[in-house]
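The structure under discussion appears below in the form of structure tokens.
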Amino acid sequence: MNPAYTADKFIPTIGMLFGNCVIGISIGMSSVMESLETHRDRIEVMMCYGASRWELIRPVTVSALKAAMLPSITNMSITGLISIPGAMTGWVLSGASVLDAARYQQIIFFMLTASSTIGALLCIVFCASVLVDKMPMLRMDRIATRSGKPSQRSQPVSRDNTRNNLVSTFSSRTTLRRRY
């Protein structure tokens with residue numbers, strides 16, 4: 001029996017792992033950036049109350065990882081019921097037993113899911129930790145849009161700036177209420 005690290009087994013397996021991993025990473029990264037942009041106000045309030053970097057990143061990371069895992073979990077749930085994977089079909093057509101083909105396919109699916117999870121988790125945490133620095137400070141200016149320009153709300157936001165903005169907004173609202 002040939003070892004598993006020979007080119008005829010290793011290259012296709014690594015190609016499948018990387019191809020599936022890229023899908024999870026792209027979905028997770030997109031979810032992180034979208035979540036930080038849409039929940040910016042909530043994150044700024046959490047900074048005002050003294051939340052640490054990891055307290056700010058945790059909800060964003062969890063939701064992004066759930067979104068990144070969705071294709072892998074969906075693919076695993078329909079396999080065998082709706083679709084017969086190509087590797088299993090190839091093994092059966094080449095004369096291998098159905099049980100061996102099913103075992104091989106299960107191993108492949110678990111490897112695909114594990115690689116997608118690990119890759120997405122590493123990239124999501126890295127992306128979130130770059131966008132929320134050690135101060136903690138929300139750094140949306142580190143994101144460039146497709147045109148190469150920084151995003152719309154690109155001002156770095158720190159605890160002090162956010163607190164001053166909230167105080168000025170609150171005081172202007174109270175003065176308006178007093179006038180009427």
Side-chain angles (χ1 to χ4, degrees), residues 1-40 42-43 46 51-94 96-134 136 138-148 150-151:
M1 182 169 207
N2 294 334
Y5 53 83
T6 58
D8 62 336
K9 293 179 184 174
F10 185 74
I11 292 174
T13 305
I14 293 299
M16 286 189 293
L17 293 177
F18 284 160
N20 206 23
C21 192
V22 167
I23 294 169
I25 289 172
S26 63
I27 291 172
M29 298 283 282
S30 174
S31 178
V32 165
M33 289 188 267
E34 182 181 326
S35 181
L36 284 175
E37 189 69 34
T38 57
H39 300 298
R40 183 181 179 120
R42 185 177 69 179
I43 291 170
M46 289 173 66
S52 70
R53 178 184 196 181
W54 300 113
E55 290 172 339
L56 296 172
I57 292 174
R58 186 171 184 262
V60 172
T61 304
V62 169
S63 67
L65 189 60
K66 286 179 182 179
M69 290 298 303
L70 195 60
S72 296
I73 292 171
T74 304
N75 194 13
M76 286 178 70
S77 68
I78 66 167
T79 301
L81 297 174
I82 299 170
S83 68
I84 298 175
M88 186 172 171
T89 306
W91 273 63
V92 171
L93 291 176
S94 69
S97 71
V98 176
L99 289 175
D100 288 341
R103 285 186 190 125
Y104 180 72
Q105 190 60 49
Q106 282 181 334
I107 291 170
I108 291 292
F109 270 133
F110 290 142
M111 287 173 37
L112 290 174
T113 304
S115 69
S116 179
T117 303
I118 291 168
L121 181 64
L122 291 174
C123 289
I124 287 168
V125 168
F126 177 74
C127 179
S129 63
V130 165
L131 295 176
V132 178
D133 63 6
K134 293 179 182 178
L138 191 58
R139 297 295 307 262
M140 297 306 281
D141 60 328
R142 294 180 176 174
I143 299 175
T145 59
R146 291 181 187 221
S147 65
S151 66

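The structure displayed is predicted, hence computed values, not measured ones.
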message: Testing the basics here: between Met46 and Glu55, what is the closest heavy-atom pair and its distance to 0.1 Å?
response: CE-O, 3.4 Å
Can you give me every donor-acceptor pair (side chain of residues 25-36, partner residue at least two apart or in another chain, under 3.5 Å) with its distance?
{"residue": "Ser26", "atom": "OG", "partner": "Val22", "partner atom": "O", "Å": "3.2"}
{"residue": "Ser26", "atom": "OG", "partner": "Ile23", "partner atom": "O", "Å": "2.9"}

statement: Between the OG atom in Ser129 and the CD1 atom in Ile57, the distance rounded to the nearest 0.5 Å is 5.5 Å
statement: The side-chain hydrogen bond (donor to acceptor under 3.5 Å, both in side chains) partners of Ser97 (sequence neighbours excluded) come to Asp100
Kindly list each side-chain donor-acceptor pair under 3.5 angstrom involving residues 107-127, sequence neighbours excluded, with atom names and distances?
{"residue": "Thr113", "atom": "OG1", "partner": "Phe109", "partner atom": "O", "Å": "2.9"}
{"residue": "Ser115", "atom": "OG", "partner": "Met111", "partner atom": "O", "Å": "3.2"}
{"residue": "Ser115", "atom": "OG", "partner": "Leu112", "partner atom": "O", "Å": "3.0"}
{"residue": "Thr117", "atom": "OG1", "partner": "Thr113", "partner atom": "O", "Å": "2.7"}

Considering all heavy atoms, the nearest Val132-Pro136 contact: CG1-CB, 4.0 Å
message: Taking the side chain as everything from C-beta on, heavy atoms only, tell me whether Arg40 gets closer than 4.5 Å to Leu138.
response: yes
message: Rounded at 0.5 Å granularity, tell me how far CG in Leu56 sits from OG1 in Thr61.
response: 10.5 Å
